[in-house]
Peer 1: 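Below is one structure. I have some questions about it.
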Amino acid sequence: MVTRIGPSPTGFIHLGNLYNAIIGERLAHQSAGVFFLRIEDTDAKREVPGAVDTILSSMQFFGIEFDEGATGSGDNGNYQPYRQRQRKNIYQAIAKHLVQKGLAYPCFCSEESLNQMRETQQKQKLDFGYYGKWATCRNLSLEQIEAYLTENKSFVLRFRSAGNAKNSETVFDGIRGNLSVQQNYQDFILLKSDGIPTYHFAHVVDDHLMRTTHVVRGEEWLASLPMHIETFDALGWERPVYCHTAQLMKQDGESRRKLSKRQDPELALDYYRAEGYLPAVVWEYLLTVLNSNYEEWHLANPQKDLDSFPFSLEKMSTSGALFDIVKLNDISKEILIKMPAEQIYDELVSWAQTYNKPFAAVLNANPAYAIKAISIGRSGDRPRKDIYCHRQAAEFFSFYYDELFQIEDELPQNVNETTEKEILQRYLQDFDIKDSQEQWFAKIRVLTEELGYAPQPKLYKKNPEAYRGSIVDVSNTIRRAITGRLNSPDLWEICQILGNERVRKRVLLKINK
RNA sequence: GGCGCGUUGGAGAAGCGGCUUAACUCACCAGCCUUUCACGCUGGCAUUCAUGGGUUCGAAUCCCAUACGCGUCACCA
């Protein structure tokens with residue numbers, strides 16, 4: 001199979017781009033085919049400088065590898081160039097051929113007259129567009145055309161459609177199966193007045209010339225499919241297999257809608273880089289959405305690489321999936337927990353260097369300390385799955401550093417500020433950094449009972465009247481004083497890492513507050 | 001408004017006419033484990049597949065209609 005992606009260099013590259021890229025990449029490379037990158041820059045107005053680099057670096061970041069196409073240093077492959085504006089002559093040559101065959105004609109209609117036409121059509125509840133009697137330039141005589149041309153009037157080149165709205169045909173879609181498609185009857189634009197093709201024409205020409213076998217694109221293109229197939233047929237070219245993917249959606253109150261650039265930061269691929277998600281996480285999440293049997297396969301083959309999963313078009317859903325960041329986070333936790341602490345440290349540092357400088361500084365100041373801190377609770381059969389992205393990890397590990405430490409959570413249920421002081425005073429009094437974990441905890445248990453708290457949560461649950469609270473409240477009060485939170489890895493280990501002085505300082509701080 | 005696509009639990013979904021008392025994963029809830037929070041384990045979570053008809057001995061699965069959602073109708077892609 002030969003597949004491709006054709007992003008526009010608008011500076012914004014999103015999840016949908018990656019989504020389709022993964023499909024194309026899998027399809028091509030699973031079949032020992034070719035996957036290439038074409039830059040669809042036919043709309044110069046929307047082009048943003050440096051956007052091609054953004055596309056390249058995003059795709060590279062997510063491990064999408066192209067066999068041919070645009071690269072940072074020119075184009076690479078058999079069907080160059082891969083940037084549409086540079087292919088102007090090719091489109092024009094094909095267009096000329098269509099004109100000669102009577103399948104295309106120049107149209108001199110002005111923007112105003114087209115707008116007027118649309119208004120009338122709307123009023124009369126007719127189909128919009130340039131067709132039938134509305135296609136006023138369709139039957140211009142050669143003399144008229146010549147006259148306009150000598151006047152230097154600007155024009156576009158339109159396709160002369162032979163289709164009829166009443167006819168429809170069945171087209172096979174790689175994802176959706178047989179589709180019933182209404183025939184195209186619109187004389188749509190092939191070449192814009194600047195001589196650059198529209199998407200519709202560029203797609204047909206390029207994908208034919210570049211030997212694309214499978215066109216993977218979003219379902220928003222379904223509506224223009226009739227134009228594309230009519231163009232392929234008119235040119236006598238073989239149609240590719242179209243694969244129209246479903247859109248990623250987002251729950252918005254009662255209804256769901258397409259992910260939107262303005263409202264949903266998670267649409268942008270940059271978001272995942274900035275948040276510090278590993279590329280493999282996004283890949284894997286997208287794969288679960290694309291082929292939901294991936295999860296089962298992964299469970300059955302935990303040691304196998306993503307690439308050996310047999311991806312299939314037939315397994316793809318035709319309805320738009322809701323984007324689920326919670327699920328993505330879960331996948332991320334699973335991946336991160338399998339990673340050695342040293343590697344997490346490296347990833348964290350390289351992320352923090354651009355996205356969280358203060359954290360990078362603190363990390364770099366003492367790598368051994370950071371790795372020890374990261375390591376707590378990660379070993380053994382039942383490791384903690386605390387972190388899912390670098391941004392969150394930076395927050396999670398912040399209490400190990402005095403310059404970042406702060407109290408975040410409220411006091412536990414059965415503790416007020418007075419009892420907090422009581423607990424902490426007793427804790428500090430008994431605290432000895434040299435205590436073993438057992439000794440350390442035995443002291444907490446004694447303290448708990450002396451202050452009228454239940455030494456076991458069960459006891460308190462059974463008889464809440466008899467106690468002020470349970471050991472849960474006591475240990476969480478201590479935990480909060482030292483880590484700022486009610487949820488942390490093992491407290492004793494944390495104390496060992498922080499050291500006697502800092503533990504005492506933090507506890508004292510709460511006592512004297 | 002025309003045309004097209006879609007509709008299985010809170011989410012992703014499996015299912016493709018009898019093996020389904022609708023799989024699996026996430027979420028949620030409960031219990032257990034645990035000094036705590038987590039992690040882990042066990043169990044619960046759709047008598048029902050948008051609704052209404054029909055075909056059939058038998059339907060989530062096939063057909064028709066309705067409803068709802070989404071997309072599209074640019075010299076944007």
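Lettering follows sequence order; numbering is per chain, from 1.
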Peer 1: Pick the nucleotide of RNA chain B nearest each of A:Lys385 and A:Arg176; which residue has the one closer to the 5' end?
Peer 2: A:Arg176
Peer 1: Using a 4.0 Å heavy-atom cut-off, does A:Glu296 contact any base of the nucleic acid, only the sugar-phosphate backbone, or nothing at all?
Peer 2: base
Peer 1: Relative to each other, are the rings of A:Tyr91 and A:Phe201 parallel, tilted or perpendicular (30° and 60° limits)?
Peer 2: tilted
Peer 1: Salt bridge check, A:Lys261 against A:Glu266: does any charged N sit closer than 4.0 Å to a carboxylate O?
Peer 2: no
Peer 1: Pick the P atom in B:rG6 and in B:rA50, then give their distance to the nearest Å.
Peer 2: 14 Å
Peer 1: Which nucleotide in the list B:rA77, B:rC39, B:rU25 gets nearest to the side chain of A:Pro383?
Peer 2: B:rC39
Peer 1: Within the structure shown, what part of the strands sits under 4.0 Å from A:Thr42 by heavy-atom distance: base, sugar-phosphate, or nothing?
Peer 2: sugar-phosphate
Peer 1: Can you tell me how far P of B:rU7 sits from CE of A:Met249, to the nearest Å?
Peer 2: 12 Å
Peer 1: Can you check the A:Tyr199 OH to B:rC73 C1' distance for me, whole Å?
Peer 2: 16 Å
Peer 1: For B:rA11, give the paired nucleotide (Watson-Crick: N1-N3 plus N6-O4 or O6-N4; G-U: N1-O2 and O6-N3; both under 3.5 Å), or none.
Peer 2: B:rU25
Peer 1: Tell me the partner of B:rU66, counting only Watson-Crick (N1-N3 plus N6-O4 or O6-N4) or G-U wobble (N1-O2 and O6-N3) with both under 3.5 Å; none if nothing fits.
Peer 2: B:rA50
Peer 1: Decide, yes or no, whether a salt bridge links A:Glu40 with A:Arg38 under the criterion of side-chain N to carboxylate O below 4.0 Å.
Peer 2: yes
Peer 1: Atom CD of A:Glu334 to atom P of B:rA27: distance rounded to whole Å?
Peer 2: 9 Å
Peer 1: Quick one: which of B:rC75, B:rG6, B:rC26 gets closest to the side chain of A:Thr318?
Peer 2: B:rG6
Peer 1: Is the shortest distance from a Lys or Arg side-chain nitrogen in A:Asp187 or A:Arg160 to a carboxylate oxygen in the other one below 4.0 Å?
Peer 2: no
Peer 1: Output the rounded distance in Å from CZ (A:Arg217) to P (B:rC76).
Peer 2: 17 Å
Peer 1: Does a side-chain N-to-carboxylate-O contact under 4.0 Å join A:Asp264 and A:Lys250?
Peer 2: yes
Peer 1: From B:rC24, B:rG40, B:rA13, pick the nucleotide closest to the side chain of A:Leu299?
Peer 2: B:rC24
Peer 1: Can you measure A:Met227 atom CE to B:rG4 atom P for me and round it to whole angstrom units?
Peer 2: 15 Å
Peer 1: Can you tell me, in whole Å, how much space there is between the P of B:rC37 and that of B:rU72?
Peer 2: 49 Å
Peer 1: Quick one: which of B:rC5, B:rC75, B:rU72 gets closest to the side chain of A:Lys258?
Peer 2: B:rU72
Peer 1: Quick one: does A:Ser488 reach the base of B:rC37 with a side-chain donor-acceptor pair under 3.5 Å?
Peer 2: no
Peer 1: Mind checking who B:rU20 pairs with, Watson-Crick or G-U wobble, both distances under 3.5 Å?
Peer 2: none
Peer 1: Could you check whether A:Ser317 gets within reach of a base, just the sugar-phosphate, or nothing at all, counting any heavy atom under 4.0 Å?
Peer 2: sugar-phosphate
Peer 1: Applying a 3.5 Å limit to both distances, which nucleotide forms a Watson-Crick or G-U wobble pair with B:rC73?
Peer 2: B:rG1
Peer 1: Roughly how many Å is it from CG in A:Asp330 to P in B:rC28, rounded to a whole number?
Peer 2: 10 Å
Peer 1: Check every strand shown and say whether A:Lys123 touches a base, only sugar-phosphate, or nothing at a heavy-atom separation below 4.0 Å.
Peer 2: nothing
Peer 1: May I ask which nucleotide in the shown strands pairs with B:rC33, Watson-Crick or G-U wobble, both distances under 3.5 Å?
Peer 2: none
Peer 1: Base, sugar-phosphate or nothing for A:Gln437? Non-hydrogen atoms, less than 4.0 Å.
Peer 2: base
Peer 1: Please give, in whole Å, the distance from B:rC75 P to A:Tyr105 OH?
Peer 2: 12 Å
Peer 1: On the ring face of A:Phe188, is A:Arg158 found with NZ or CZ under 6.0 Å from the centre and within 45° of the axis?
Peer 2: no
Peer 1: Starting the side chain at C-beta, find the nucleotide from B:rC75, B:rU35, B:rA38 nearest to A:Arg382.
Peer 2: B:rA38
Peer 1: Answer yes or no: is there an ion pair linking A:Asp194 with A:Lys192, defined by an N-O contact shorter than 4.0 Å?
Peer 2: no
Peer 1: Using a heavy-atom cut-off of 4.0 Å across all strands, would you classify A:Arg257 as base, sugar-phosphate, or nothing?
Peer 2: nothing
Peer 1: Identify whether the distance between the nearest side-chain nitrogen and carboxylate oxygen of A:Glu408 and A:Arg480 falls below 4.0 Å.
Peer 2: no
Peer 1: Distance check, P atoms only: B:rU25 and B:rG4, in whole angstrom units.
Peer 2: 40 Å
Peer 1: Which part of the nucleic acid does A:Thr10 contact within heavy-atom distance under 4.0 Å: base, sugar-phosphate only, or nothing?
Peer 2: nothing
Peer 1: So A:Pro457, base contact, sugar-phosphate only, or nothing? Heavy-atom distance under 4.0 Å.
Peer 2: sugar-phosphate
Peer 1: Considering only atom P, compute the distance from B:rA22 to B:rC45 and round it to an integer number of Å.
Peer 2: 10 Å
Peer 1: For B:rU51 and B:rA38, measure between their P atoms and round to the nearest Å.
Peer 2: 38 Å
Peer 1: Using a cut-off of 4.0 Å on non-hydrogen atoms, how would the nucleic acid contact of A:Val472 be classed: base, sugar-phosphate, or nothing?
Peer 2: sugar-phosphate
Peer 1: Give one of base, sugar-phosphate or nothing for A:Thr288, where a contact means two heavy atoms less than 4.0 Å apart.
Peer 2: sugar-phosphate
Peer 1: Select one nucleotide: of B:rC5, B:rA77, B:rA14, the one nearest the side-chain heavy atoms of A:Lys315.
Peer 2: B:rA14
Peer 1: I want to confirm an ordering. Mapping A:Lys458 and A:Glu40 to their closest nucleotides on RNA chain B, which one lands closer to the 5' end?
Peer 2: A:Lys458
Peer 1: Both distances under 3.5 Å, Watson-Crick or G-U wobble: report the partner of B:rC39, or none.
Peer 2: none
Peer 1: Assign A:Asp490 to base, sugar-phosphate, or nothing according to its heavy-atom contacts below 4.0 angstrom with the strands shown.
Peer 2: base
Peer 1: Does B:rA60 have a Watson-Crick or wobble partner in any strand here, with both distances under 3.5 angstrom, and which is it?
Peer 2: none
Peer 1: Distance check, P atoms only: B:rC63 and B:rU56, in whole angstrom units.
Peer 2: 16 Å
Peer 1: What is the distance from CD of A:Gln182 to P of B:rG71, rounded to the nearest Å?
Peer 2: 20 Å
Peer 1: With a non-hydrogen cut-off below 4.0 angstrom, is A:Ile444 in contact with a base, only sugar-phosphate, or nothing?
Peer 2: nothing
Peer 1: Can you figure out which of B:rU35, B:rA11, B:rC76 approaches the side chain of A:Arg46 most closely?
Peer 2: B:rC76
Peer 1: Taking 4.0 angstrom as the limit, do A:Asp330 and A:Lys327 come out as a salt bridge?
Peer 2: no
Peer 1: Please state whether the base of B:rC37 and the side chain of A:Arg384 form at least one donor-acceptor pair under 3.5 Å?
Peer 2: yes
